[in-house]
2 protein chains.
Amino acid sequence: MTKVAALVSDRPVVRKRDAEATQAAILAAAKSHFARSGYEGAFLRDIAADAGVDAALINRYFGGKDGLFAAALKHSIRPHAFHDWQRETFAVEMAKMMAGHAHQDMDRTHAFQFLLRAATSPVTAPLVNAAVQERFMGPIRAWIGGPNVEARARIFAAVFIGLLVERLIRDEPLEGRERKVFIERTAAVLQSLVEA
Amino acid sequence: MTKVAALVSDRPVVRKRDAEATQAAILAAAKSHFARSGYEGAFLRDIAADAGVDAALINRYFGGKDGLFAAALKHSIRPHAFHDWQRETFAVEMAKMMAGHAHQDMDRTHAFQFLLRAATSPVTAPLVNAAVQERFMGPIRAWIGGPNVEARARIFAAVFIGLLVERLIRDEPLEGRERKVFIERTAAVLQSLVEA
DNA sequence: GCTCTATGTCAACGGGCAATGACATACGCG
DNA sequence: CGCGTATGTCATTGCCCGTTGACATAGAGC
């Protein structure tokens with residue numbers, strides 16, 4: 001696609017030589033493909049094609065499919081900015097986001113799909129679990145605080161993940177009164193979980 | 001394994017000729033492998049070996065890998081017995097189950113992993129979503145009842161799924177006081193969701 | 001402008017997998 | 001007992017994917 005566009009436009013046919021940009025393009029394509037198809041279902045040729053690059057470059061820059069996956073994983077798990085959340089308002093904000101459609105937030109949706117798939121595969125699960133513990137559960141525990149953090153953090157994480165999955169599976173967004181009720185009650189649940 | 005056992009025992013070396021049992025064995029092995037490894041990561045040779053059968057039989061009975069996957073999917077989604085749940089006790093029962101370890105219930109765990117994987121793949125997602133709607137969300141709506149069923153059922157489903165995922169990801173089960181608190185608060189959340 | 005290196009492309013190979021068709025044999029039926 | 005079909009096995013084939021090494025060329029440094 002990129003190449004075709006280049007052919008009909010006035011831009012040069014040959015790819016600009018920019019290693020950094022190329023790696024970024026490969027990584028972006030990889031995250032998308034891994035998210036949609038999982039590790040085994042994603043093919044290097046397809047990823048390379050999406051990035052507008054020859055497949056051999058993946059081996060040069062990432063040392064093979066494994067390396068590319070690891071890089072994509074590392075790039076997908078970044079610590080959520082829990083510290084920015086206000087205890088008084090976060091619940092409603094989050095509930096509103098969950099009531100919306102997944103397509104509105106494709107970047108995060110892809111990242112989440114990617115993690116979900118990787119977490120359910122025994123090959124990649126250890127990597128994911130370790131990263132999730134460190135970069136997701138850790139911050140959540142710190143943010144929630146209070147007694148019995150472990151139990152409460154787990155429930156919070158479960159609800160959080162469940163809402164994301166539900167949003168992912170569902171095609172039709174909620175409307176009108178149902179939407180309003182969904183937000184109210186979801187916010188109530190979330191709020192109750194951060195209180196000791 | 002089956003063959004080896006047969007060799008050292010007094011039972012015949014050659015497999016008993018029972019098409020129905022063979023198909024059931026293949027299907028069971030397939031569900032397990034698809035759950036663990038996804039569609040692309042599961043190999044017919046391995047499935048056949050687990051079932052104690054030659055791989056060619058899969059093609060004969062299920063018409064190829066696609067057919068086997070479809071059969072396994074169909075077999076994995078069966079309506080949950082919500083009608084058996086008692087409104088007063090289900091919350092605690094479910095919370096206790098969620099506090100336990102996934103290994104204690106491998107059959108359901110595999111089925112859930114299988115569905116989760118299938119639901120996040122664009123190829124199989126439509127099949128899964130339709131079946132989930134009919135055989136999971138439908139019964140939940142009916143069981144919950146009351147006003148704004150749609151919104152409340154979705155939150156309930158989200159929490160349910162989230163708890164399953166959390167249980168799946170976690171290796172270490174909760175112990176002692178944390179476990180007690182987890183059950184109490186999880187039960188409280190679940191209970192609140194079935195009340196109008 | 002020459003050269004050298006980093007970047008990008010191409011063609012081929014080797015392994016592994018699903019699928020296929022020929023072959024073997026148990027079991028029902030006469 | 002003999003035959004035929006359903007069931008199970010084996011060897012082969014063809015395809016697809018990841019990887020590799022040789023080749024091409026832009027662009028920097030001199």
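Residue numbering restarts at 1 for every chain, and letters A, B, ... go by the order of the sequence lines. Computed from a predicted structure; not experimentally measured.
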How long is the line joining [atom1] of [X] and [atom2] of [N], in whole Å?
| X | N | atom1 | atom2 | value |
| --- | --- | --- | --- | --- |
| B/Arg45 | C/dG15 | CZ | P | 15 Å |
| A/Asp54 | D/dA22 | CG | C1' | 13 Å |
| B/Gln23 | D/dA6 | CD | P | 14 Å |
| A/Ile47 | D/dT19 | CD1 | P | 11 Å |
| A/Leu44 | D/dT19 | CG | C1' | 9 Å |
| A/Asp66 | D/dG18 | CG | P | 11 Å |
| A/Phe43 | C/dC17 | CZ | C1' | 12 Å |
| B/Asp46 | C/dA18 | CG | C1' | 13 Å |

Going by an N to O cut-off under 4.0 Å, is there a salt bridge joining A/Arg170 and A/Glu172?
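A salt bridge links A/Arg170 with A/Glu172.
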Under a 4.0 Å threshold between the charged nitrogen and the carboxylate oxygen, would B/Arg177 count as salt-bridged to B/Glu184?
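Looking at B/Glu184 and B/Arg177, the cut-off is not met.
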Over 60° means perpendicular and under 30° means parallel, so tell me whether B/Trp85 and B/Trp143 are parallel, tilted or perpendicular.
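Ring orientation of B/Trp85 relative to B/Trp143: perpendicular.
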So B/Phe114 and B/Phe34, would you call those rings parallel, tilted or perpendicular, with 30° and 60° as cut-offs?
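Answer is parallel, since the angle falls under 30°.
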Derivation of the ring-ring contact (aromatic ring centres under 6.0 Å, His included) call for B/Phe136 and B/Phe160
CA-CA 11 Å; B/Phe136 180 71; B/Phe160 189 78; 5.6 Å; yes
Exceeds 12 heavy-atom contacts within 6.0 angstrom, atom CD of A/Glu195:
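Yes, CD of A/Glu195 has more than 12 neighbouring heavy atoms, counting only those of other groups under 6.0 Å.
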Taking only the side-chain heavy atoms of A/Asn59 (C-beta and beyond), determine which of D/dT19, C/dA18, C/dT20 contains the nearest atom.
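From the listed options, D/dT19 comes nearest.
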What are the atom names and distances for every N/O pair under 3.5 Å that joins the protein to nucleotides 4-7 of chain C?
residue, atom, partner, partner atom, Å
C/dT7, O2, A/Arg17, NH1, 2.6
C/dT7, O2, A/Arg17, NH2, 3.3

Classify the nucleic acid contact of A/Ala48 as base, sugar-phosphate or nothing, counting any heavy atom under 4.0 Å across all strands shown.
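Contact class for A/Ala48: none.
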